[in-house]
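Numbered from 1 within each chain, the chains take letters A, B, ... in sequence-line order.
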Protein chains: 2
Amino acid sequence: MHTIGQPFDTLFIVHSGFLKTVLIDEFGNEQVLSFPMKGDLFGVDGIHTKRYSSEAVALSNCDLILLPFKKFIQLGRTHAELEHAMYSVMSRELVREQGMVSMLGALSAEARVARFLVSLSERFADMGYSSKLFNLRMTRHEIGSYLGLTLETVSRTLSAFNEFGLITVDQRSIGIKDLDSLRTLRRLPPSSARSKQASKKAREAAALSRNGVTDNDGDLQVAAV
Amino acid sequence: MHTIGQPFDTLFIVHSGFLKTVLIDEFGNEQVLSFPMKGDLFGVDGIHTKRYSSEAVALSNCDLILLPFKKFIQLGRTHAELEHAMYSVMSRELVREQGMVSMLGALSAEARVARFLVSLSERFADMGYSSKLFNLRMTRHEIGSYLGLTLETVSRTLSAFNEFGLITVDQRSIGIKDLDSLRTLRRLPPSSARSKQASKKAREAAALSRNGVTDNDGDLQVAAV
DNA sequence: CGGGCTATTGATTCCAGTCAATACTCGTGG
DNA sequence: CCACGAGTATTGACTGGAATCAATAGCCCG
């Protein structure tokens, strides 16, 4: 695999298993950036700086496909579709990270955990596993780091979802009970208003303060190449 | 330019001027993703989904270079360095967004605003403008959206930096007085301990709870292509 | 001048972080 | 086998930082 700062030369594709990629800040704290699993690509961040800026750690037995970057470039010379696939994958990563930024910037703890569960559920479904019942491969601490929350908040939120009938939780084992509510959740009713094992759906709290899209206020000069 | 959902066909390079790129969520709230300026590329998010997932808005008069994606791909066939440059730029964007994620996930409001100012200062320097005195092209609201803060918090933080002698603020005009402190700042002393126009540097609050890097706990199977 | 957008500042609320105690899981060795 | 300890998870009490609500002022442009 690779560690931070190591010279970049190869990309990685997950054939099977689960990993995390992490960034280590100037104080040694680690921040989880992604949880690659089957079909996911990582190591791309090394292309620009010639060194990996993040580090991958296996969370289970893993089977990886190594993709030496130079060799890949050569293949791209003769197989245009490969090249386009790479652009596409990198673009997808970019969009995914945009989603992360938008989530971290705007959503409550509950909404983040809900999204995380939905996303996991969908990814497991894509891989042919059950989307309704699965085991987390990562700790609460790692989930928290990924979502910009503390492990206690993650734990509490999962417990609240459980109380609320949206999921079942037993340690690492998660059962999805009400995917729709998880999908659309913004905020849970206050705990004072919760009844044990309540089965009614989470209502929208409809945050709002909506702003119309700002119009252009600058002129535009364009030139094609 | 382009709007969200519009079919993707061209990339954009900023020749001069300032823009913002925004994501619009399901309630119409806009989230600022970046502030492209001279030399920056945007529109890349469209490659994967064939549609732009974000939207660019000019914050001043702008001069853009259009780069039709198909034409670019053709040029790449004959000019290998172009192709590599594109990988590099996309990789750079990926690293930048990783930095955003890590910032939003871990840093205080003060640290975010400080980083934002340092980054602006460096980018202005790169463009040949003054790194010590410049005008913001965006509102407090847009800065807040970009940093995952409210406009009030941005305003208060700038005022605090001013009181503290780190910067001068007059509406959109920012003067950088103590770049080093901005660079290394984690947390300001409590306001009760502040004196007007204090000139002493912000000290490190040294957050810590450092975690060692977790070791692999999975076996690894690798295969080269 | 007046109206709309932008910015500053104050008062208050509340969500998530921190600190802390306890329990569950699992592997290791007496 | 059970005890022990380390890592992980749950839950409670409390705190604090940023959001929210609100009032005022500055700026720009018709």
Side-chain angles (χ1 to χ4, degrees), chain A residues 29 59 103-113 135-145 147-163 167-174 185-194 196 205-209 211-215 217, chain B residues 29 59 103-113 135-145 147-163 167-174 186-194 196 205 207-209 211-215 217:
Chain A
N29 301 320
L59 298 177
M103 175 169 91
L104 293 174
L107 299 188
S108 69
E110 283 150 3
R112 294 182 205 184
V113 175
N135 273 73
L136 300 176
R137 293 313 188 317
M138 63 294 281
T139 68
R140 303 286 191 264
H141 181 82
E142 286 160 346
I143 297 171
S145 172
L147 298 176
L149 302 171
T150 59
L151 67 99
E152 293 95 327
T153 298
V154 173
S155 178
R156 269 185 249 276
T157 306
L158 290 174
S159 297
F161 286 172
N162 180 48
E163 262 184 54
I167 62 173
T168 58
V169 193
D170 179 42
Q171 300 287 120
R172 300 282 179 99
S173 158
I174 300 283
L185 179 143
R186 306 284 123 197
R187 183 101 23 197
L188 249 28
S191 69
S192 60
R194 283 181 213 159
K196 285 270 173 189
L208 27 329
S209 79
N211 306 322
V213 181
T214 317
D215 277 321
D217 49 339
Chain B
N29 301 319
L59 298 177
M103 176 169 89
L104 293 173
L107 298 190
S108 69
E110 284 151 2
R112 293 182 206 184
V113 175
N135 273 74
L136 299 175
R137 292 312 185 327
M138 64 292 282
T139 67
R140 304 284 191 264
H141 181 82
E142 286 160 346
I143 298 171
S145 171
L147 297 177
L149 302 171
T150 59
L151 68 98
E152 294 95 327
T153 298
V154 173
S155 178
R156 271 185 247 277
T157 305
L158 290 175
S159 297
F161 286 172
N162 180 46
E163 263 184 55
I167 62 173
T168 58
V169 193
D170 178 41
Q171 298 288 119
R172 300 282 179 102
S173 158
I174 300 284
R186 306 284 123 192
R187 182 96 28 192
L188 250 27
S191 69
S192 59
R194 284 181 213 160
K196 286 270 174 190
L208 37 24
S209 82
N211 305 323
V213 181
T214 316
D215 277 322
D217 49 339

Mind calculating the distance between [atom1] ([X]) and [atom2] ([N]) to the nearest angstrom?
X: B:Ile174; N: C:dA7; atom1: CD1; atom2: C1'; answer: 12 Å
X: A:His141; N: D:dT8; atom1: NE2; atom2: C1'; answer: 11 Å
X: B:Leu104; N: D:dA19; atom1: CG; atom2: C1'; answer: 16 Å
X: A:Leu59; N: D:dG7; atom1: CG; atom2: C1'; answer: 15 Å
X: A:Arg140; N: C:dT25; atom1: CZ; atom2: C1'; answer: 13 Å
X: B:Glu142; N: C:dC5; atom1: CD; atom2: P; answer: 14 Å
X: A:Asn135; N: D:dT8; atom1: CG; atom2: P; answer: 16 Å
X: A:Glu110; N: C:dG17; atom1: CD; atom2: P; answer: 12 Å

Which protein N or O atoms sit under 3.5 Å from an N or O of nucleotides 13-16 of chain D?
unit_1, atom_1, unit_2, atom_2, d
D:dA13, N6, A:Arg156, NH2, 3.4

Query raised in the report: Do B:Glu152 side-chain and D:dC21 base share a donor-acceptor contact under 3.5 Å?
Result: yes

Query raised in the report: Would you say C:dT25 has OP1 or OP2 under 4.0 Å from some side-chain N or O of A:Arg172?
Result: no

Query raised in the report: Are the side chain of A:Arg137 and the backbone N or O of A:Leu59 linked by a donor-acceptor pair below 3.5 Å?
Result: no

**Report entry** Expected output: side-chain B:Ser155 to main-chain B:Leu151 donor-acceptor under 3.5 Å
**Finding:**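 No; judged by distance alone, with no hydrogens or angles, the pair does not exist.
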
Report task. Kindly calculate the angle separating the two end axes of the helix from C:dC1-D:dG30 to C:dG30-D:dC1, each obtained from five base pairs, and round it to 10 degrees. Result ->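 One end's axis against the other's: 30°.
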
Query raised in the report: Which distance, rounded to the nearest 0.5 Å, do you find between the CG of B:Asn162 and the CD1 of B:Ile174?
Result: 9.0 Å

Query raised in the report: Nearest 0.5 Å, what's the CD-CZ distance between A:Gln171 and A:Arg140?
Result: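 That separation rounds to 7.0 Å.
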
Query raised in the report: Taking only residues two or more places apart in sequence or in another chain, which ones pass side chain to side chain contact (heavy atoms under 4.5 Å, CB included) with B:Thr153?
Result: B:Ala109, B:Leu149, B:Thr150, B:Thr157

Report summary line: Residues at least two apart in sequence or cross-chain that pass side chain to side chain contact (heavy atoms under 4.5 Å, CB included) with B:Thr139, listed by chain then number, are B:His141, B:Glu142, B:Arg172

From the list [options], which nucleotide is the closest neighbour of the side chain of [X]?
X: A:Leu149; options: D:dA9, D:dA18, C:dA16; answer: C:dA16
X: A:Thr153; options: C:dT6, C:dT9, C:dA16; answer: C:dA16
X: A:Ser108; options: D:dA9, C:dA16, C:dT8; answer: C:dA16

What is the nucleic acid contact for [X], judged by heavy atoms within less than 4.0 Å: base, sugar-phosphate only, or nothing?
X: A:Gly144; result: nothing
X: A:Ser159; result: sugar-phosphate
X: B:Thr150; result: base
X: B:Leu151; result: base

Query raised in the report: Could you write nucleotides 25-30 of chain D as a row of B, S and -, 5' to 3', where a protein heavy atom under 4.0 Å of any base atom gives B, of only sugar-phosphate atoms gives S, and otherwise -?
Result: --S---

Report task. Check whether any side-chain heavy atom of B:Val169 lies under 4.5 Å from a side-chain heavy atom of B:Ile167, and answer yes or no. Result ->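 Heavy-atom side-chain distance check passes, below 4.5 Å.
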
Requested in this report: Measure the shortest side-chain to side-chain distance between B:Met103 and A:Leu104 over non-hydrogen atoms and say whether it is less than 4.5 angstrom.
Outcome: no

